[in-house]
Amino acid sequence: MHEEQNQEHWPAWATEPVKIVNPDPAWSEQGLKIIHQLRELLLPFKVTEIEHIGSKTIPNLSAKPIIDIMEKLESWDRQLLFRNRLREQPELIQQYDVLKRRLAMENQHDREAYTEAKTDFVQNVLNIGHPKD
């Protein structure tokens with residue numbers, strides 16, 4: 001019951017079921033349009049670096065029906081590295097696609113668990129080319 005009370009204050013997206021949809025070539029244009037709008041709105045706050053990140057930026061990768069946009073923060077470089085590694089290695093796209101679809105089914109009503117379950121894959125992609133100490 002305590003958890004349910006906390007969920008009342010969560011944003012709508014945090015409690016919606018996890019749904020993965022097929023890739024759509026229009027996602028890239030939608031992301032650019034949103035970035036343009038955000039740049040205009042955030043310019044007075046000196047926010048100039050904004051990127052379309054997430055699965056929708058990777059050609060042929062299924063994704064949640066959400067456009068992920070990020071301004072430059074501490075996690076910026078890791079997000080871009082992950083995105084770029086997937087773009088450069090189609091075999092990783094296929095592996096990530098299968099993983100995301102499976103995890104969406106397993107964690108349909110728990111977005112936090114869905115995201116957490118992707119952590120090992122993401123970390124492995126980030127570690128490519130970096131030997132373990």
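Because the structure is a prediction, the values reported are computed rather than measured.
- At least one side-chain heavy atom of Thr48 sits less than 4.5 Å from a side-chain heavy atom of Leu43.
- In this structure, Leu86 and Leu92 approach most closely via the heavy-atom pair CD2-CB, 3.5 Å.
- We find the CG-CG distance between Asp97 and Asn60 to be 9.0 Å, quoted to the nearest 0.5 Å.
- Exactly one residue among Lys72, Arg83, Lys56 makes a salt bridge (Lys or Arg N to Asp or Glu O under 4.0 Å) with Glu51. That residue is Arg83.
- A distance of 12.5 Å separates NE2 in His9 from OG1 in Thr15, rounded to the nearest 0.5 Å.
- By the 6.0 Å contact criterion, CD on Glu116 is open, its count of non-hydrogen atoms from other residues, nucleotides or ligands being 12 or less.
- To the nearest 0.5 Å, atom CG of residue Asp110 and atom CG of residue Leu103 are 11.5 Å apart.
- Both Ile20 and Ile93 belong to a single network of hydrophobic side chains, linked directly or stepwise wherever heavy atoms of I, L, V, M, F, W or Y lie under 4.5 Å apart.
- Both Ile128 and Leu61 belong to a single network of hydrophobic side chains, linked directly or stepwise wherever heavy atoms of I, L, V, M, F, W or Y lie under 4.5 Å apart.
- Considering all non-hydrogen atoms of both residues, Pro65 and Lys19 come closest at CD-O, 3.2 Å.
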| task | Before giving the answer on side chain to side chain contact (heavy atoms under 4.5 Å, CB included), spell out for His52 and Ile34 the whole-Å C-alpha distance, their side-chain angles and the decisive distance to 0.1 Å. | result | CA-CA 9 Å; His52 183 189; Ile34 292 168; over 6 Å; no
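- Applying the 6.0 Å contact sphere to CD of Gln37 captures more than 12 heavy atoms from other residues, nucleotides or ligands.
- In the hydrophobic clustering of this structure, Leu80 groups with Met70; members are Ile, Leu, Val, Met, Phe, Trp, Tyr whose side-chain heavy atoms approach within less than 4.5 Å, directly or through other members.
- Here the NZ atom belonging to Lys64 is positioned 4.5 Å from the OH atom belonging to Tyr114, to the nearest 0.5 angstrom.
- Partner of Val122 under the side-chain contact (heavy atoms from CB on, under 4.5 Å) criterion, chosen from Leu126, Val125, Thr119: Leu126.
- Under the 30°/60° scheme for interplanar angles, the aromatic rings of Phe121 and Tyr96 are found to lie parallel.
- The CD1 atom of Ile67 sits 11.5 Å away from atom OG of Ser55, with the distance rounded to the nearest 0.5 Å.
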| Derivation and outcome, side chain to side chain donor-acceptor pair (under 3.5 Å), residues Gln123 and Asn127 | CA-CA 6 Å; Gln123 193 58 51; Asn127 288 336; 3.2 Å; yes
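- Proximity of Thr57 to Arg87: side-chain heavy atoms (C-beta onward) are separated by under 4.5 Å at one or more points.
- Across all non-hydrogen atoms, the minimal contact from Ile69 to Gly31 is CD1-O, 4.0 Å.
- The 12-atom threshold is exceeded at CD of Glu91, counting heavy atoms of other residues, nucleotides or ligands nearer than 6.0 Å.
- In the hydrophobic clustering of ILVMFWY residues, with side-chain heavy atoms under 4.5 Å counting as a link, Phe45 and Ile35 come out together.
- With values rounded to the nearest 0.5 angstrom, Arg78 atom CZ is found 12.5 Å from Ile53 atom CD1.
- The nearest pair of heavy atoms linking Arg39 to Ile50 is NH2-O, 3.3 Å.
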